[in-house]
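For reference, the structure is listed below as structure tokens.
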Amino acid sequence: METSTLETIQKTKQKTLISGSEAVVKCLLAEGITTIYGYPGGAIMPVYDALYDYQEELHHVLTRHEQGATHAAQGYARISGKVGVAMATSGPGATNLVTGLADAYIDSTPLVCITGQVGSHLLGSDAFQETDIIGISTPVTKWNHQITNAQEIPEVFAKAFYIARSGRPGPVLIDITKDAQFETFDFEYKTCTHIRSYKPNPKCDPKAIETAAALINSAKKPLVVWGQGVLLGQAETIFQQVIEKAGLPAAWTILGASAIPTEHPLNVGMVGMHGNYAPNKLTNECDVLIAIGMRFDDRVTGNLETYAKQAKVIHFEIDPAEIHKNVYADVPVLGDAKANLEALLPMLASKEHKDWLQRFQELYQIEHETIIQKDLFPAKNGLTMGEVMQQINQASHGEAAIVSDVGQHQMIACRYAKFNHSKSNITSGGLGTMGFALPAAIGAKMAEPQREVVAIIGDGGYQMTIQELGTVFQTQTAVKIVVLNNEFLGMVRQWQQLFFDKRYASTEMTNPDFVTIAKGYHIPAQRVTQRTELKDAITTMMQHDGPYFLEVCVEKEYNVFPMIPTGASVSDIRLT
């Protein structure tokens, strides 16, 4: 072989040798990632150094806490339908990701989280900032893996993204030792489309769909309860066609909200502990219950011993582990929601169920007169959370994405927000993570900058991640932040009032000056204490070009109704 040819081959080969840290960046770019959230530290520093040369292709957002990074990645994923990415160092950096991982796991949010780790020769020695994040995160991840050799990086990353986004989505964690980040190797990336023994999309069973169609066609009092599976499966259009053709009243879990417009005539409201009166009560009167992409969470079912015992249950679900887990399904329909609903549609008879729908209207009127009217249009006393939400609806015309935290304000936001578009309700469902909303709103706004994103937060949860105002300031992310301040941990206080004889143990809050804090981060801010100020303040906030903070001082002992007491039947839902 000629010397010049040999030199050319050697030079070409040298160009493909890159460090493990640069390989991490190239893997992210190969997966189409443009934004990641994180916080640097010693064990992940080589990756951050590699990022320095890719700032135009891959935007890194420096959050103020690693938990904030995971929630921001969740908000990004939930509104965009893409995989969110968060990164942290070893030890406390890694453990600070765990709450976000657990939240993403139970809410089926696709994340890939990357952590640095001490050198492989130090593993198990209790080295500085060493933590067994693989062992810690195993219960709250769909998959995790520790990389000790740089050559593993491409295959592990490809597998991680495939697992995170496929089937029922979820979080994946990759832990990379520091020596693997420095090590060089011949990089080549191939996307993953298949893993032996991993079957994320069960095959559609035509017989199950035929049986489901026959049951629906024969039903006199059918009821659909849909969850986030409709959104995750991108099945919104076919779902609406199904309920319209068969005339099916349809109720939603909080993570399913916005799959069809709020004002759709077959949308009968929210089920669950603080859901609407009609769908909760009539769950125990329907003759066929059609569950689509939901997991029969205890907050939805109440007492399982009395839940929909009179009904035949059809369960459309992608995760086999959810079938029969809480509620026995007479007709389980495994597989992708969109594909199964498309197969179901031509088998359905066209119906209207006018008398049955009238029952929902009658019960809605009872709830409206007893609760809704007072929540949204109070005549006197202090400001209510409901009227704040009503003013936001009027200002946004149902076009905004609402990101709520956890507590009374969350239930009010879910009950009263108006949605015209899918993926507009972003909240912490299964884990109920206080502190979720502010960083999640940052991620959501970055994913969809053309959409208005409004964070609805209580004064308690706000202070759990208030430091992310620094992220808002540094990035100038145009989120609208609304804190509903009742100077209490409101939901806990409500339970203490109703079930613990008003013994308000450790729930009253002595709060700082939120407006001054926001202004300290150079974010325009305003406080509202009177009803006469509310409309103009919300208009000012919504019209502002950039981030804005609004504190609304609401009634201190305001309660959220309806309410199903813990352990009670959905039929026992309370209006007062």
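As the structure is a computational prediction, the values presented were derived from the model and not from experiment.
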Pairs flagged by salt bridge (charged side-chain N to carboxylate O under 4.0 Å, His left out) wherever residues 271-287 is involved - sequence neighbours left out | Glu285-Arg359

Please answer whether the main-chain N or O of Gly386 pairs with a side-chain N or O of Arg415 as donor and acceptor at a distance below 3.5 Å.
-> no

Classify the side-chain pair Ser569/Thr306 by whether it contains a donor and acceptor separated by less than 3.5 Å.
-> yes

Run the numbers on Leu484 and Asp459 for side-chain contact (heavy atoms from CB on, under 4.5 Å), then give the verdict.
-> CA-CA 6 Å; Leu484 303 180; Asp459 50 310; over 6 Å; no

Residues Glu352 and Lys245 bridged, charged N to O under 4.0 Å = no

Contacts of Lys221 meeting salt bridge (Lys or Arg N to Asp or Glu O under 4.0 Å) (sequence neighbours excluded), chain-then-number -> none

Does the separation of the ring centres of Phe239 and Trp226 fall below 6.0 angstrom?
-> yes

Over 12 foreign heavy atoms within 6.0 Å of OH, Tyr198 = yes

Flag, side chain of Ser258 to backbone of Ser424, donor-acceptor distance under 3.5 Å | yes

Would one find more than 12 heavy atoms of other residues, nucleotides or ligands at under 6.0 Å from atom NZ of Lys374?
-> no

Any side-chain heavy-atom pair from Ile163 and Ile195 closer than 4.5 angstrom?
-> yes

Side-chain touch Asp405/Ser428, heavy atoms, less than 4.5 angstrom | no

Examine distances only and state if a side-chain atom of Thr384 and a backbone atom of Asp375 form a donor-acceptor pair shorter than 3.5 Å.
-> yes

Considering only heavy atoms from C-beta outward, does the side chain of Gln228 approach that of Arg295 to under 4.5 Å?
-> no

With sequence neighbours excluded, residues passing side chain to side chain donor-acceptor pair (under 3.5 Å) with Asn267 = Trp252

Are the side chains of Ile314 and Leu215 in touch, meaning some heavy atoms are under 4.5 Å apart?
-> yes

Counting heavy atoms not belonging to Lys312, are there more than 12 under 6.0 Å from its NZ?
-> no

Which pairs count as ring-ring contact (aromatic ring centres under 6.0 Å, His included) when at least one residue sits in residues 340-359, sequence neighbours excluded?
-> Trp356-Phe360

Any pair with a residue in residues 491-504 that passes salt bridge (charged side-chain N to carboxylate O under 4.0 Å, His left out), sequence neighbours left out, goes on the list, sorted by first then second residue, please.
-> none

Are the side chains of Glu31 and Val83 in touch, meaning some heavy atoms are under 4.5 Å apart?
-> no

Tell me, do Leu101 and Leu173 make a side-chain contact under 4.5 Å, heavy atoms counted?
-> yes

Under 3.5 Å donor-acceptor pairs involving side-chain atoms of residues 432-446, not counting sequence neighbours:
unit_1, atom_1, unit_2, atom_2, d
Thr433, OG1, Asp103, OD2, 2.6
Lys445, NZ, Pro449, O, 3.0
Lys445, NZ, Arg451, O, 2.6

Tell me, please, which residues at least two apart from Lys556 pass salt bridge (Lys or Arg N to Asp or Glu O under 4.0 Å).
-> Glu487, Glu508

Under the ring-ring contact (aromatic ring centres under 6.0 Å, His included) rule, what pairs show up with a residue in residues 314-343, not counting sequence neighbours?
-> Phe296-His315, His324-Tyr328

Any side-chain hydrogen bond (donor to acceptor under 3.5 Å, both in side chains) pairs touching residues 330-349, not counting sequence neighbours?
-> none

Can you tell me if Asn276 uses its side chain to pair, donor with acceptor, with the backbone of Met270 under 3.5 Å?
-> yes

Heavy atoms only: give me the nearest Pro279-Val271 pair and the separation to one decimal.
-> CB-CG1, 3.8 Å

Keeping to residues at least two apart or across chains, list the side-chain hydrogen bond (donor to acceptor under 3.5 Å, both in side chains) pairs with something in residues 205-218.
-> none

Could you please spell out the steps behind the side chain to side chain donor-acceptor pair (under 3.5 Å) verdict for Gln365 and Gln361?
-> CA-CA 6 Å; Gln365 286 303 318; Gln361 286 297 319; 4.6 Å; no

Ile216 and Ile290, any side-chain heavy atoms less than 4.5 Å apart | yes

Residue list, side chain to side chain donor-acceptor pair (under 3.5 Å) with Ser108, at least two apart or on another chain = Arg168

Could you tell me which non-hydrogen atom of Ile402 sits nearest to which non-hydrogen atom of Ala413, and how far apart they are?
-> CG2-CB, 4.3 Å

Residues forming a side-chain contact (heavy atoms from CB on, under 4.5 Å) with Gln234, sequence neighbours excluded = Glu236

Between Phe161 and Val112, is any pair of side-chain heavy atoms under 4.5 Å apart?
-> yes

